[in-house]
2 protein chains.
Amino acid sequence: MKWVYVSDLSHHVGEAVELRGWVYNARSSGKIRFVLLRDGTGVVQCVVAKGQVSEDVFEKTITLTQESSIIVHGTVRKEDRAPGGYELDCKDVKVLQVAHEYPITPKEHGVEFLADRRHLWLRSSRQVAILRIRHRIVKAIRDFFDGRGFTLVDSPILTPAACEGTSTLFETEYFDLGKAYLTQSGQLYAEAGALALGKVYCFGPTFRAEKSKTRRHLSEFWMVEPEVAFYDLNDNMELAEEFLEYIVQTVLKSSAQELKVLERDTRFLENVQKPLPRITYDEAVEILKKKGIDFEWGNDFGGTDETVISEQFDRPVMVHHYPAKVKAFYMKRDPQNDNLALALDVLAPEGYGEIIGGSQREDSLDALLHRIREHNLPQEAFEWYLDLRRFGSVPHAGFGLGLERTVSWICGLDHVRETVPFPRMIYRITP
Amino acid sequence: MKWVYVSDLSHHVGEAVELRGWVYNARSSGKIRFVLLRDGTGVVQCVVAKGQVSEDVFEKTITLTQESSIIVHGTVRKEDRAPGGYELDCKDVKVLQVAHEYPITPKEHGVEFLADRRHLWLRSSRQVAILRIRHRIVKAIRDFFDGRGFTLVDSPILTPAACEGTSTLFETEYFDLGKAYLTQSGQLYAEAGALALGKVYCFGPTFRAEKSKTRRHLSEFWMVEPEVAFYDLNDNMELAEEFLEYIVQTVLKSSAQELKVLERDTRFLENVQKPLPRITYDEAVEILKKKGIDFEWGNDFGGTDETVISEQFDRPVMVHHYPAKVKAFYMKRDPQNDNLALALDVLAPEGYGEIIGGSQREDSLDALLHRIREHNLPQEAFEWYLDLRRFGSVPHAGFGLGLERTVSWICGLDHVRETVPFPRMIYRITP
């Protein structure tokens, strides 16, 4: 008997097959028992009819509880009324384990109750749908860059120095070499990669020991960071809009079923096509003022500000030319106005806030040295980074996209904690 | 003038184009200067002839040193004698920055000298070739699993408990929740994923604070770990051999040019096709004894043992059924012999040692509880893992493949430090 997955049933109509999985639900109706089997690729109804299986097997199916593990033999039948379009007429059911008192029932549970049982909660249709979309977003991200000649340059996780202060860093003892810190961004290393390989990206976990307890913050999250030699701010914006269009349109195509499980209204997603609107920081401030928000020029936008700005547009909006003092030391200044940085943020619609942050980088050795002193950063720790401006400096630019915020936005979730298999937050390190 | 990359020159023969990059080498021959330009995608010879460019530009090309950044305009010409098959007849050269005293010259440098300048060393043809092959291996790994219906389930990096003791773990303070540890393996979490999604893999950085100073050890390295519900040891071996064949054959096809740069003898790689030889631990011990090596049954193999065993085969060899006491607590015992674990290691040829380690997992709650007590592990920390055996336990299996050892083997490198952009070892955390 051939073992097949639920997702492949359409290729086996009329055939006798074996399914292996878990009971998602079971109910009886007279001399028929309906067992919903999930195997990780889908859910299918298995029909166990008295007389079609041995008396012993029929009795055993009474004992089947949620998440009991079973192996089922039967014939695949097309059934338009069934959720997946197919049913299985059972010939035999082998019970591997009857699960006693599975804690997550179809009733409502509290968030902390579920989070404590994340290893089991992952089995629910909703979590399966989110993880599958997460996977497709990751794949779309990699395919986008791989298809455009970028080389993957993995940045290190353990770093010797703090990019911008140590207050939000996780630190660890590193053999006899003193302290090491978990990276907050692979960008500085990606810059070295770009000057070696032209177009590169890094994509890995990053860490922030921020004491933030919001629906947008994780202490461990994945970030993809492209970096391109000879790109300026404008090239960077073109790359960002093409990139977002590719991710969203690819996921819309591949994940219609999962988005339906999540009851996602996809109208805003369908709009994610280039060109994306581009506004300056000044224009964004104007929007806030017109909406009666008391905002002082020169500050960074808060979550509410971002929502108000993004609500003016039907797709993600690119905000550029920020005040230099709210941005990082490595961003290049606007040659026309030294108070502005050639920075770029992309704000997602529907209140999901900043999903991309980037800039053209400072390529002048003197200017960069000046910034490092101005920010009281230890020059010695940045000598290698300064070398990139000493030996064949070129204009270059890049950005970072936070994976989990992107998953949260595309899936339409209330909280970023469901976007990752095992979330890490200020108050959660388990399971 | 259209900016193109060196790798795309074949599409622009006879056209006037712009190239942007760095001087790899420059030399003069009478009234002609030859400038080798690299742009991260390849190297091309630019011919600057007196009279074909302005006097001023011709004089400027004299100043060009290694790694100076330039923008070149010219016409693409097919030239069979040139390394890449094309040359550029220059019309104009714009110098962005003349690099003074670039430290890495074509002469031989010591390894520590180069490692201290890793951010620049990455620009050499050899390092570019290795990083490109690394990228293609990563892509082949992901394509293999994505194409077979696996779902990516990223395991967390920050973990609350030590899987097997804390002596080789990096630790950090985690807010007010006590200590957290950097993961050594995502497997336990991948098991939870497999029972939710059927076929999963995780692929991310892992960490070992081992005080090993060998050519095979990094303290930070990437590992891919597939895990499949309802797989046994035999299924696991079939997956492993298909996986290795796919990676190696894909890279051989895509990276002939890079392997040539590395002067890699690819004969052993061409052999990596299934079926791979399978031997038991007992048979491996027999091999050692026949070779006159003093090896006691029950020990684990050392590096030299692995080399001797693998030398008997023309492709990677799978060794299975190890003594349980040298393997991890979560491995299932052989039902025929409780002293043996249903474990699997794959040893690469040519002395590259273990590249895959895996097993069928213990799926019995009672047996696993017994092992946890036997290994003096804190049962409380594993309650979530035990839940996977309480609620719908099924046979399952998986393995881990170390990325950097695989890159080292496929590239034929002497030391694993060149397989990663910024290596982290016991004596190195910089740059």
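Protein chains get the first letters and strands the later ones, always in sequence-line order, with residue 1 at the start of each.
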Exercise. Quick check: does any side chain N or O of B/Glu67 sit under 3.5 Å from a backbone N or O of A/Phe391, one acting as donor and the other as acceptor?
Worked result: no
Problem set entry | Electrostatic pair A/Arg117:B/Asp387 at N-O distance under 4.0 angstrom | no
Exercise. Chain B: which of A/Gly21, A/Ser7, A/Pro395, A/Ser124 shares the most heavy-atom pairs with it under 4.5 Å?
Worked result: A/Gly21
Exercise. Counting N and O atoms only, with roles assigned by atom type, does the side chain of A/Arg424 sit under 3.5 Å from a partner on the main chain of B/Leu158, one being a donor and the other an acceptor?
Worked result: yes
Exercise. Do any N or O atoms from the side chain of A/Thr172 and from the backbone of B/Thr172 form a donor-acceptor pair under 3.5 angstrom?
Worked result: no
Exercise. Side chain, backbone, both or neither: which part of A/Arg38 has a heavy atom under 4.5 Å from chain B?
Worked result: side chain
Seminar exercise, completed: Looking only at A/Leu120, A/Ile71, A/Val23, A/Ile70, most heavy-atom pairs under 4.5 Å shared with chain B are made by A/Leu120
Problem set entry | Pair A/Phe175 + B/Phe170: ring centers closer than 6.0 Å | yes
Exercise. Just by distance, do the side chain of A/Ser69 and the backbone of B/Ser393 share a donor-acceptor pair under 3.5 Å?
Worked result: yes
Problem set entry | Ring centroid separation B/Phe230 to A/Trp22 under 6.0 Å | yes
Problem set entry | Part of A/Asp39 within contact of chain B (heavy atom distance under 4.5 Å) | backbone
Seminar exercise, completed: Looking only at A/Ala194, A/Pro103, A/Ser155, A/Cys202, most heavy-atom pairs under 4.5 Å shared with chain B are made by A/Pro103
Seminar exercise, completed: Residue from A/Glu173, A/Lys199, A/Glu383, A/Arg389 scoring the most non-hydrogen pairs under 4.5 Å with chain B is A/Lys199
Exercise. So, the side chain of B/Glu220 versus the backbone of A/Pro156: is there a donor-acceptor pair under 3.5 Å, distance only?
Worked result: no
For this session: Identify the heavy atoms of B/Phe203 and A/Trp222 that sit nearest to each other, and give their distance.
Result: O-CH2, 3.5 Å
Problem set entry | Backbone of A/Met425 reached by a side-chain donor or acceptor of B/Tyr174 within 3.5 Å | yes
Exercise. Looking at A/Arg134, A/Arg136, A/Arg132, which one forms a side-chain contact (heavy atoms from CB on, under 4.5 Å) with B/Thr151?
Worked result: A/Arg132
Exercise. Backbone N or O of A/His100 within a donor-acceptor pair of the B/Arg390 side chain at under 3.5 Å?
Worked result: no
For this session: Ignoring hydrogens and angles, tell me if any N or O in the side chain of B/His135 forms a donor-acceptor pair with the backbone of A/Leu152 under 3.5 Å.
Result: yes
